[in-house]
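Since the structure comes first, as structure tokens, the remarks are kept for the end.
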Amino acid sequence: MSNREAASTGSVGHNVPRAEGIDKVTGRARYVDDLVFPGMLYGRTVRSTVPCGRIRAIVRDPGFDWSGFTYVDASDIPPGGKNVVTLITEDQPYLAKDRVRHREEPIALLAHADRRRLEEGLAHIRVEYEEDEAPILDFTTSPTVLKEITIAKGDLAEGFAQAEVIVEGTYRTGHQEQLYIEPNGVIALPDGAHGAAGPGAAVTVYGSLQCPYYVVKALRGLFGLPEDRVRVVQMTTGGGFGGKEEYPSVLAGHAALLAHKAGRSVKMIYDRTEDMLATTKRHPAFVRHRTGLTRDGRLVAVDIDLMLDGGAYVTLSPVVLSRACIHATGPYRVPHVRIRGRVMMTHTPPNGAFRGFGAPQSQFAAEVQMDRIAEELGMDPVELRRKNLLRLGDATATGQVLRESVSAEEVLDRALKLHEERRRARGAGSGDGQGGQAQEGRQGMRGTGIACFLHGSGFTGGGEVRLASRAGIELTKDGVRLRVGSTEIGQGTRTMHAQIVSDAFGIPYGWVETSDPDTAAVPDSGPTVASRTCMVVGRILQRAAAKIRAELGPYQSPEEFRERARALLAARGRLVVDEQYEKPGEIQWSDETYQGDAYGAYAWGCNIADVEVDPLTYEVRCTDVTAVIDIGKAIHPLLAEGQIEGGTLQAVGWALCENVVMQGGRMANPTLTNYIIPTTLDAPRMAVEIVENPYSQGPFGAKGVGECPMDGPAAAVANAISRATGVRVTEIPATPERLMEALDQAEPGRSGR
């Protein structure tokens, strides 16, 4: 009997073995680059070398031997197909035809069976341009709006009239590279190639990706095909963080165009540099806050102007802006609110989804603003937050009345208690407490910062209704098999879903069969994004299990379950139950006014960060982070804790060292030698505490966990640096150069000393 089979029933809340863990550690797991098909070609991309301009000509050297090559440009789009990536807005071409709008934009494709010859061929293709306009590289001065949202509550003028104190501030956050461990990669097979395309399929794609049905939709548009003629198979995937949400649709389209023209399978795997240069990143943000308060610290009015850098095309910017705006007031009660959000176009590579998508940017601004307010009022930043935190019965900026699972005050109190216990255990001095007094010593200037935050679980407003996600379960003679389009990208999807289903049936965890999605075999469960995979898809699976249980009739043990299952299958043949998302009746939302219940439930969090600032080099080291997060129910506590630790470290890196340097519209540091991320040596000590305040519509009470941990640490670190140095940090990453400049502005000549 395997370890999974030996696991007892009641697996929810226990650290069962990962469903795909053995395959990964033994090497049985197959990544896309492990696949090789007979006669396979390798593909590469010819990219723009200018940020904007008209394409005059694509010149292939007539003196070069082009035999054995397959070449594709925009003229090779099949009849009936469209040269546009089908997503929210159809504005991004697969291959630029007449003009380019950013550096690294795809213009043509080349394939060959020999990788060395392929590189030689690329060197013999030249694109001629007419640069007919000055590029727009600063989104704060761009005249072109890609998307605009306004959220209003109460009467802003009345609110500011009531205010006794008004505090203003501006905040900036930079790009961030997802830096998943496995770069983007796909293999495309043309109609019938190697018998792998499936019955009637015209295009098959194997890939490292998050959202198989996004790719299906995109390829249908590119080739003008019905859904049943496109098949997408997810291979074992080495991370995503949002970077493999929409971009694989572009890469899959490129490989499929080459395969279609060549009549052979084509593999396209980006190396790290190409992946960093060409794919999407976190949207940079510029946020203005104007906050009105009473003298005792009660928030009465907030006016927020938020701008995001969308890059050259829309991609997923509307949903990023939506979440940024909805989260812009943080976890606080404000009677009068106006939030104006815009995504601006620039001649830079498009930006897209990244863990938290918009909420980390807007809540960074909100939490640094709260510390600035506390300083202005001479008030303890903890007590300012406590006075204004959302509680049961309060209404958010969209007018959503919070009916259940609200933990803003609880996570704050538990974080303070845990941080103090750890401080005492370390024997830290009085300057290391949450009060945040600066302390300067041999190791540098020290400070402590705090941030409170929330994160909506699932798609915003009516998004889940529009997705109409489906998931199902098939009864087998030995247990059940999951039919799920959600992807495992390292976060534990397959394990968590198996736990939910095993407990829903009352059978051992090992009796639940899982696999990576194949769109020819599983329904569309919606994208694996937005902290929805557990709460939304897990709940659908729970309902499917209940229907099968009703078919089986009552049973008292796992063994009796098997007996009934085998008898039912013998009598009826195959039994599959697919269920569709059902909106809880109390949720009401207007996409037109942005009013109502933005999310079914929120995760709540609090971070406390300790930092040391070197007084000579201005290098900041985050030494300790306390993270308390309410996720409703930890289906797998160890995996949930890992998600919190990982998101926290990503946010610390974003705050301190992950600096995307753009020059002339192109990333100038696209390697791991000059784009710096935290290593294990840089990671702070972390203490994680999970709060379980259940949500009635989540499986076993669970809400989302994956993104909430990203929302608070950057602000906590920035506030800690401000406490340590006496200079307000309003822009991240807080590199030594930026910190030195800020200190010099506050105290001229300080860096010289």
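Everything numeric in this text was worked out from a predicted model, so none of it was measured. Atoms considered below: every heavy atom in the structure, side chains included; atoms not considered: hydrogens, waters and symmetry mates.
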Will you find, in the side chains of [X] and [Y], an N or O donor that is under 3.5 Å from an N or O acceptor?
X	Y	answer
T273	D271	no
T671	R272	no
S407	N693	yes
Q210	T487	no
S322	Y594	yes
S722	N719	no
Y171	Q369	yes

Looking at [X] and [Y], does any basic side-chain N land under 4.0 Å from a carboxylate oxygen?
X	Y	value
D380	R386	no
R414	E689	yes
K244	E182	yes
E168	R372	no
D303	R288	no
D371	R385	yes
K703	D630	yes
D610	R446	no
E488	R494	no
K387	E383	no
E420	R423	yes

Quick one, [X] and [Y] - any side-chain contact, counting heavy atoms below 4.5 Å?
X	Y	result
V368	R728	yes
I88	V319	yes
V320	V343	no

Return yes if some donor-acceptor pair links the side-chain N/O of [X] with the main-chain N/O of [Y] below 3.5 Å, else return no.
X	Y	value
N351	T280	no
Q363	F453	no
E645	V688	no
Q491	I489	yes
E367	C452	yes
N388	L299	yes
E464	F459	yes
H102	A278	no
W654	M710	no
Q400	A598	yes

Rounded to the nearest 0.5 Å, how far does [atom2] of [Y] lie from [atom1] of [X]?
X	Y	atom1	atom2	answer
S457	Y602	OG	OH	9.5 Å
T735	N659	OG1	CG	6.0 Å
Q650	E177	CD	CD	10.5 Å
T679	I677	OG1	CD1	8.0 Å
L390	L454	CG	CG	7.0 Å
F357	L308	CZ	CG	12.5 Å

Given D614 and M445, is the side-chain contact (heavy atoms from CB on, under 4.5 Å) satisfied, shown in steps? CA-CA 7 Å; D614 190 305; M445 298 172 280; over 6 Å; no
Shortest non-hydrogen separation from [X] to [Y] and the atoms involved:
X	Y	value
C708	I629	SG-CG2, 4.1 Å
Y618	L743	CE2-CD1, 3.1 Å
H283	D309	CD2-O, 3.1 Å
E619	P736	CA-CG, 4.0 Å
I732	A655	CG2-O, 3.7 Å
G238	S208	N-OG, 4.3 Å

List the residues meeting side chain to side chain contact (heavy atoms under 4.5 Å, CB included) with Q663, not counting sequence neighbours, and say none if there are none.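 Once residues adjacent in sequence are excluded, the partners of Q663 under the side chain to side chain contact (heavy atoms under 4.5 Å, CB included) criterion are V661, A668.
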So with a 6.0 Å cut-off around CD of E375, is the heavy-atom count from everything else above 12?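 Not more than 12 within 6.0 Å, no.
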For K24, look at atom NZ and say whether over 12 heavy atoms of other residues, nucleotides or ligands are found less than 6.0 Å away.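 Yes, the 6.0 Å shell around NZ holds more than 12 heavy atoms from other groups.
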So which of Q176, R282, R355, R323 actually passes side-chain contact (heavy atoms from CB on, under 4.5 Å) with P360?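 Of the listed options, the one satisfying the test is R282.
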Run N607 and T626 through side-chain contact (heavy atoms from CB on, under 4.5 Å) and show every step you take. CA-CA 5 Å; N607 288 137; T626 299; over 6 Å; no
D305: which of H289, R342, R290 passes side-chain hydrogen bond (donor to acceptor under 3.5 Å, both in side chains):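 It is R342; the other options fail the test.
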Can you check side chain to side chain donor-acceptor pair (under 3.5 Å) on Y214 and Y247, steps first, answer last? CA-CA 10 Å; Y214 275 20; Y247 195 85; over 6 Å; no
Partners meeting ring pair (Phe, Tyr, Trp, His ring centres under 6.0 Å) with H327 (sequence neighbours left out):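 H455, Y599.
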